[in-house]
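Here is the structure we will look at, set down as structure tokens.
This structure is a prediction, so every number in the text was calculated from the model and none was measured.
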Amino acid sequence: MTDVTDKNEFVEIRETEPVDKADWIVRRISDFGGFENVSDSVKADVFGFDIADISGSIRLFSDVMKRLEIKLTGDELYEEFQRIYDESVGRDAGKDKAEDKMWNRGRGR
């Protein structure tokens, strides 16, 4: 409880439940018809990997695969992750190039 008015009127602060990203991803993939029915491009959108945190991205991917009960060998799991991750990185590289073009255009080049 917090006194927000300095008049001894207390407001109860309720914490919302944190969104479990892995659960959210599992639901989205299921909505699209299952992992095998989703393109790498859509998977990249759904996973939203943080390219600055590759180890976190790998943990997230592994957790989602477990929850989806998709059983792959170590190599298959890595290859699947790498395809989706490469799609994410390619988009960020394309976005950076577009931002550079806009920056240069604004500078009169």
Side-chain angles (χ1 to χ4, degrees):
M1 295 245 207
T2 304
D3 181 359
V4 294
T5 63
D6 291 329
K7 297 178 185 173
N8 290 329
E9 294 177 18
F10 290 91
V11 175
E12 184 177 346
I13 299 173
R14 298 166 85 197
E15 294 206 18
T16 58
E17 289 185 29
V19 175
D20 182 347
K21 188 169 183 180
D23 280 341
W24 182 85
I25 292 169
V26 168
R27 284 193 311 272
R28 294 292 296 155
I29 288 174
S30 296
D31 289 346
F32 287 124
F35 193 82
E36 57 282 339
N37 296 323
V38 179
S39 70
D40 289 344
S41 176
V42 171
K43 290 174 188 172
D45 286 341
V46 172
F47 276 95
F49 288 138
D50 178 359
I51 63 171
D53 181 16
I54 193 164
S55 63
S57 295
I58 291 170
R59 281 191 304 273
L60 175 64
F61 180 74
S62 179
D63 190 24
V64 168
M65 297 303 277
K66 285 177 188 172
R67 292 179 192 201
L68 289 171
E69 298 180 1
I70 296 176
K71 308 221 185 302
L72 299 172
T73 67
D75 288 343
E76 292 169 331
L77 189 65
Y78 173 78
E79 288 170 9
E80 187 69 32
F81 169 80
Q82 192 64 52
R83 274 198 317 276
I84 299 166
Y85 186 80
D86 287 347
E87 180 76 26
S88 298
V89 171
R91 289 180 182 184
D92 279 355
K95 184 172 80 174
D96 290 343
K97 288 179 184 176
E99 288 173 0
D100 288 345
K101 286 179 183 177
M102 289 177 66
W103 169 254
N104 288 333
R105 189 177 312 133
R107 296 176 62 207
R109 290 187 179 176

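- Look at Arg67 and Asp63 and you find a salt bridge, because one of the NZ, NE, NH1 or NH2 atoms lies within 4.0 Å of a carboxylate O, short of that distance.
- Residues Val46 and Trp24 meet the side-chain proximity criterion, which asks for heavy atoms closer than 4.5 Å.
- Among all heavy-atom pairs drawn from Ser88 and Phe49, the shortest one is OG-CD1, 4.0 Å.
- With values rounded to the nearest 0.5 angstrom, Phe47 atom CZ is found 5.0 Å from Ile25 atom CD1.
- Considering every non-hydrogen atom in both Phe32 and Asn37, the closest pair reads O-CB, 4.3 Å.
- The side-chain contact (heavy atoms from CB on, under 4.5 Å) check on Asp40 picks up Lys43, Glu80, Arg83, Ile84, with sequence neighbours excluded.
- Residues Met65 and Phe81 are not in side-chain contact: their nearest non-hydrogen atoms beyond the backbone lie 4.5 Å or more apart.
- Rounding to the nearest 0.5 angstrom, the gap separating the CZ atom in Phe61 from the CD1 atom in Ile54 is 12.0 Å.
- Rounded to the nearest 0.5 angstrom, Lys66 NZ and Leu77 CG are separated by 9.0 Å.
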Would you give me the side-chain donor-acceptor pairs under 3.5 Å for residues 68-75, sequence neighbours excluded?
residue, atom, partner, partner atom, Å
Thr73, OG1, Glu76, N, 3.2
Thr73, OG1, Glu76, OE1, 3.3

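- Summarising the geometry of Lys21 relative to Gly48, their closest heavy-atom pair is NZ-O, 3.5 Å, with the distance given to 0.1 Å.
- Side-chain contact between Ser62 and Val64 is absent, with no heavy-atom pair separated by less than 4.5 Å.
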